[in-house]
Amino acid sequence: MSTPQTTAVVTGASSGIGAATARQLAEAGYRVVLVARRLDRIAALAEELSKAGHEGVEARQLDVTDRAAVDAFAASLDRCDVLINNAGGALGMDTVAEGDPADWRTMYEVNVLGVLNMTQALLPALTASGAGTVLVVSSTAGHGTYERGAGYVAAKHGAHVLAETLRLEIVGTPVRVIEIAPGMVRTDEFSLTRFRGDAAAADQVYAGVAEPLTAEDVADTITWAVTRPQHVNIDLLVVRPRAQASNTKVHREL
Ligand code: 8X3
């Protein structure tokens with residue numbers, strides 16, 4: 001059971017899965033600390049949650065790839081019981097032959113080093129809580145590849161390996177490590193960012209797919225995993241829409 005002070009830090013809380021997760025964890029009784037680069041977005045969400053009666057909500061501007069800023073953020077927290085490593089994303093859909101190394105570097109930094117930075121910085125507080133949770137929002141891209149996806153797939157495999165290795169290394173401490181791997185999720189920004197603002201290309205990803213997952217669907221699985229009794233560790237939960245049988249097998253009604 002959580003108390004009003006039980007604190008969940010959610011990265012990438014400015015939109016999509018992160019914002020939906022913050023809402024659902026607040027509803028579940030957690031004090032949520034919203035983290036993102038875009039302060040205006042998380043400030044608005046914090047106000048919404050405060051008006052809904054949730055206590056102690058904070059909006060904290062932070063780039064998870066900036067280690068010094070992450071360390072300062074961690075030092076400023078009075079407690080942390082749950083860390084939701086959600087910040088991440090894809091850039092481009094290019095072949096290995098043509099992909100831009102700068103895109104690969106950016107994706108590695110946010111999807112892997114961002115998780116590493118936040119986890120290292122908050123692990124002492126999570127351990128001190130006596131009942132900590134590190135949750136990594138990876139992707140089905142962390143478990144299988146697809147053409148034109150290698151840069152993102154490689155980064156998400158990195159996030160998966162980080163979670164799996166951390167679980168091995170800290171067993172025996174009061175911190176569990178959960179990985180949630182979503183497949184096709186339709187959010188406002190994921191594909192738009194991947195296709196650099198090309199809305200038509202972004203829409204094509206979901207063309208004919210009856211019901212891609214929503215941010216709320218994924219937030220639901222995250223909240224379910226986090227709210228299990230502390231001795232229950234959901235190692236890995238893969239969640240896809242019914243219309244997606246694998247990364248490359250999607251039913252489309254066109
Ligand atoms: C997003 C899923 O299929 O675009 O993490 O890689 S996919």
Side-chain angles (χ1 to χ4, degrees), residues 10-21 36 64-65 84-96 98-100 103-115 135-164 178-222 225 234-252 254:
V10 182
T11 71
S14 52
S15 69
I17 294 169
T21 299
V64 297
T65 68
I84 307 290
N85 283 301
N86 166 71
L91 273 183
M93 267 204 96
D94 305 301
T95 61
V96 172
E98 291 171 347
D100 184 342
D103 286 344
W104 283 57
R105 189 171 295 115
T106 300
M107 288 190 281
Y108 192 82
E109 281 187 2
V110 65
N111 292 295
V112 184
L113 298 182
V115 176
L135 187 146
V136 176
V137 182
S138 64
S139 169
T140 48
H143 297 269
T145 195
Y146 54 89
E147 289 159 86
R148 297 184 171 268
Y152 181 62
V153 165
K156 284 300 191 182
H157 273 68
H160 161 64
V161 166
L162 187 160
E164 194 166 82
I178 298 171
E179 178 185 352
I180 304 290
M184 184 185 284
V185 187
R186 185 162 203 166
T187 61
D188 291 340
E189 295 186 327
F190 177 81
S191 288
L192 205 55
T193 302
R194 181 171 223 173
F195 291 102
R196 305 176 208 284
D198 181 340
D203 280 351
Q204 272 305 112
V205 172
Y206 312 101
V209 180
E211 289 175 288
L213 296 178
T214 64
E216 288 70 27
D217 293 328
V218 181
D220 185 44
T221 68
I222 292 170
I234 306 299
D235 284 12
L236 169 64
L237 191 157
V238 177
V239 52
R240 303 180 192 267
R242 190 178 59 200
Q244 184 184 33
S246 79
N247 289 2
T248 53
K249 179 82 176 175
V250 179
H251 179 70
R252 299 178 190 272
L254 296 167

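Indexing begins at 1, ligand by ligand and atom by atom, following the structure's order. Because only heavy atoms are used, hydrogens play no part in the values below, and waters and symmetry mates are left out as well, while side chains stay in.
The distance from ligand 1 to the heavy atoms of Arg194 drops below 4.0 Å at these ligand atoms: 4 (O). Taking every non-hydrogen atom of Ala141 and a distance limit under 4.0 Å, the qualifying atoms of ligand 1 come out as 6 (O).
Residue Ser139 has at least one nitrogen or oxygen atom sitting less than 3.5 Å from a nitrogen or oxygen atom of ligand 1, judged on distance alone. Residue Tyr152 places at least one N or O, backbone or side chain, under 3.5 Å from an N or O of ligand 1.
Taking the side chain as every heavy atom from C-beta outward, Asp217 and Val185 never approach each other to under 4.5 Å. Counting only heavy atoms from C-beta outward, the side chains of Ser191 and Val205 approach each other to under 4.5 Å.
At the top of the distance list for atom 7 (S) of ligand 1, counting protein heavy atoms only, stands Tyr146 OH, 3.5 Å.
Of the candidates Leu213, Thr140, Val209, Met184 forms a side chain to side chain contact (heavy atoms under 4.5 Å, CB included) with just one, namely Val209.
Taking 4.0 Å as the cut-off between side-chain N and carboxylate O, Asp203 and Arg186 count as a salt-bridged pair.
Using a 4.0 Å heavy-atom cutoff, Gly183 is listed among the residues neighbouring ligand 1.
Other residues, nucleotides and ligands contribute at most 12 non-hydrogen atoms within 6.0 Å of the OH atom of Tyr108.
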